[in-house]
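This report refers to the structure that appears directly beneath it.
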Amino acid sequence: MSKELTSRNEDYSQWYNDLVLKGGLADYSAVRGCMVIKPYGYTLWENIRDVLDKMFKDTGHVNAYFPLFIPKSFLSKEADHVEGFAKECAVVTHYRLKNDPEGGGVVVDPEAKLEEELIVRPTSETIIWNTYKNWIQSWRDLPILVNQWANVVRWEMRTRLFLRTAEFLWQEGHTAHATAQEAIEEAEKMLEVYATFAEDYLALPVVRGVKSPNERFAGAIDTYCIEALMQDGKALQAGTSHFLGQNFAKAFDVKFMNKEGREELVWATSWGVSTRLIGALIMAHSDDNGLVLPPRLAPFQVVIIPFISKNPEETAALKDKAEEIKKALKSKGLRVQVDDDETKRPGFKFAEYEMKGYPIRIVIGPRDLANGVVEVARRDTKEKQSISIEGLDVSIENLLKDIQDNMYNKALQYRDQHITLANTWEEFIDILDSKTGFVSAHWDGTPETEDKIKELSKATIRCIPLNNTLEEGKCILTGQLSKQRVLFARAY
RNA sequence: CGGGGUGUAGCGCAGCUCGGUUAGCGCAUCUGGUUUGGGACCAGAGGGUCGCAGGUUCGAAUCCUGCCACCCCGACCA
């Protein structure tokens, strides 16, 4: 099998698919729309999860777990919520199989029909708020700051590895508060956690913003989001947090006694990021040679490849030195792998680890050994240099930092160059078609206009940036008065 | 659900139009040897319900009928 990647220019979608498959992150599965996350991809997810989990705990949250199944009636209690999700729910109708009397293997036992169907959670607001009703009586029970790591199912018509699959892994935070103000602050705080994570770990610059009504989460008062830009100029929502107001408290009758002795409805938030972040990571940084992973999240940060020599003693010395370097780097807390497989040639290994996006490759051959150096190649720029083995641990630590920063800055530069102002409809369309990226333009604020723009241009309002500067202008489509520009883009 | 396409070895494909040896090629796999500073080479070997079911025929991967699955485009989609 050729390991050649489709190039980005040739076919961006195919490049992405090739990368996921050949980079060893995931495979297609026997189930339509569902993927197998392979160990390498799952390690990446674990690294993302571990960092976020710590960030959540540091902001006072605790983990819990709620059921996979939700009674159908729960979903319908919040009108907007059910409307948003009903079309993509998997439904469990029976609880037993039996042998086919006609000999066709097992069939659903019609006798075992559920009294009330269960839906497989597309998100957990309903089951959680049904539970919170029992947890909350007094202002003393608030706030509740709970997160869960879970899988959810959304029966999408069209799926793409990591970006949109029928089943995916995510975390969902669900908090309950005594006041609207506190809930809004929570939603904003968690958005900032996501933004910080994206920038500091994924090396992915994001725009923090608020969704327009059309793009709002089903059941939310306000949806905050972080929006990132991919290398093909399309936007990707990388995370969201929602101020849910009292919608779910009303739907599930969740009230508390306040300090004045009056009953009040509880205020809510929810927030989540998913394995989609892996898709974002891939599309933001990788190149035609394979994945490019940020050092802070890469499953392995360094691979050490000792050359295999004709002389067994020399080979042994090279391997020993490789292990010695590994040990030194590991003692600095780095994730390091040695590849001393004698059956594969160096060139093959180089290509392989480039495909998998290891940030640094260290090669050690007889010449290097004699000179007390190693060849260090960085994945992001593909530059190679000779570095002294003496003090190598510090050099590598610094280089990893540099790679992380460089990846961020490169993505930031691309992003900033792809936020373009448009003042006329012609400009707007032209930017979307040729330059791509975000278009900053005036919009009259109505859902009708937003729909029309989407219909005509395929672009949606990605967000209204937080702390947006107010500026009088005219709607790009209708010419109506507008108070501010919003960010449009074609999106995943 | 509309429009288009594809099902032949683990992967990628040829063969089908016009039925006829033992169904072939590349990659991968296994064995042996030579190699090893950017995806090695030589020799040998293993691996197939030709998507499924039926039909036509002396004979079907190839022709006919039905079914199934998957992919792409669209509709849909925090």
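So that the names make sense, note that chain A is the first sequence line, chain B the second, and so on, each numbered from 1.
- Relative to the side chain of A351(A), the nucleotides C77(B), G37(B), G38(B) differ in distance, and G38(B) lies closest.
- C63(B) and G46(B): their C1' atoms are spaced 34 Å apart (whole Å).
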- Could you spell out the base pairing of RNA chain B in dot-bracket, with Watson-Crick or G-U pairs whose two distances are under 3.5 Å, [ ] crossing and | to another strand? (((((((..((((......[...)))).((((((.....)))))).....(((((..]....))))))))))))....

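- A salt bridge links K319(A) with E342(A): at least one charged nitrogen is closer than 4.0 Å to a carboxylate oxygen.
- Salt-bridge formation is detected for the pair R490(A)/D433(A): a Lys NZ or Arg NE/NH1/NH2 atom is positioned less than 4.0 Å from an Asp or Glu carboxylate oxygen.
- The pair E192(A)-K189(A) fails the salt-bridge criterion, with no side-chain N (NZ, NE, NH1 or NH2) lying under 4.0 Å from an Asp/Glu carboxylate O.
- The 12-atom threshold is exceeded at NZ of K234(A), counting heavy atoms of other residues, nucleotides or ligands nearer than 6.0 Å.
- Comparing the C1' positions of A43(B) and G54(B) gives a spacing of 47 Å, expressed to the nearest Å.
- Rounded to a whole Å, the CG atom of D18(A) is 12 Å from the C1' atom of G12(B).
- Ranked by how close their nearest RNA chain B nucleotide is to the 5' end, N17(A) and K211(A) are led by N17(A).
- Taking atom P in both C64(B) and A69(B), one finds a spacing of 22 Å when rounded to whole Å.
- Straight-line distance between the P atoms of G2(B) and C67(B): roughly 13 Å, to the nearest whole Å.
- Using bins of under 30°, 30° to 60° and over 60° for the plane-to-plane angle, the ring pair Y358(A)/F300(A) lands in the parallel bin.
- Within 4.0 Å of Y224(A), counting heavy atoms only, lies no atom of the nucleic acid at all.
- Counting any heavy atom pair closer than 4.0 Å across all strands shown, R361(A) reaches a base atom.
- Electrostatic pairing of D402(A) and R378(A) counts as a salt bridge here, judged by a charged N lying under 4.0 Å from a carboxylate O.
- Taking the six-membered ring where the residue is Trp, Y194(A) and F56(A) present perpendicular rings, their angle passing 60° and hence far from 30°.
- Judged by a 6.0 Å distance limit and a 45° cone about the ring axis, R361(A) is positioned over the six-membered ring of F350(A).
- For the pair E83(A) CD and C76(B) P, the computed distance is 14 Å after rounding to whole Å.
- Rounded to a whole angstrom, the distance from the P atom of C30(B) to that of G24(B) is 23 Å.
- Look at NZ on K454(A): it is 11 Å from C1' on A75(B), rounded to the nearest Å.
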I'd like a table of atom pairs between the protein and nucleotides 30-36 of chain B - only N or O on both sides, under 3.5 Å - with the distance next to each one.
unit_1, atom_1, unit_2, atom_2, d
U35(B), O2, R345(A), NH1, 3.4
U36(B), OP2, K310(A), NZ, 3.1
U36(B), O4', R345(A), NH1, 3.4

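- In this structure, CD of E314(A) is placed 12 Å from C1' of G37(B), rounded to the nearest angstrom.
- With rounding to whole Å, D27(A) atom CG is found 12 Å from G10(B) atom C1'.
- Closest to the side chain of P366(A), from the set G74(B), G37(B), C76(B), is G37(B).
- Looking only at atom types and distance, the side chain of N214(A) has no donor-acceptor partner in the side chain of S212(A) under 3.5 Å away.
- Remark: the separation of the P atoms in G74(B) and G38(B) is 44 Å, to the nearest Å.
- The distance between atom CG of L318(A) and atom P of G37(B), rounded to the nearest whole Å, is 13 Å.
- Using a 4.0 Å heavy-atom criterion, one finds that W271(A) contacts no nucleic acid atom at all.
- Judged by distance alone with a 3.5 Å cut-off, a donor-acceptor contact links the side chain of K384(A) to the base of G38(B).
- Between the side chains of T223(A) and H242(A), a donor-acceptor pair is found at a separation under 3.5 Å.
- As rounded to the nearest Å, A60(B) and U56(B) have P atoms that lie 12 Å from one another.
- Of all nucleotides listed (G39(B), G37(B), C77(B)), G39(B) comes nearest to the side chain of E352(A).
- Base engagement by E354(A) is indicated by at least one non-hydrogen atom pair under 4.0 Å involving a base atom.
- D232(A) and Y16(A) share no side-chain donor-acceptor pair at under 3.5 Å.
- The interatomic distance linking H81(A) (NE2) with C77(B) (P) rounds to 16 Å, in whole Å.
- For the P atom pair drawn from G44(B) and G26(B), the interatomic distance equals 13 Å after rounding to whole Å.
- Whole-Å rounding puts the Y16(A) OH to C71(B) P distance at 15 Å.
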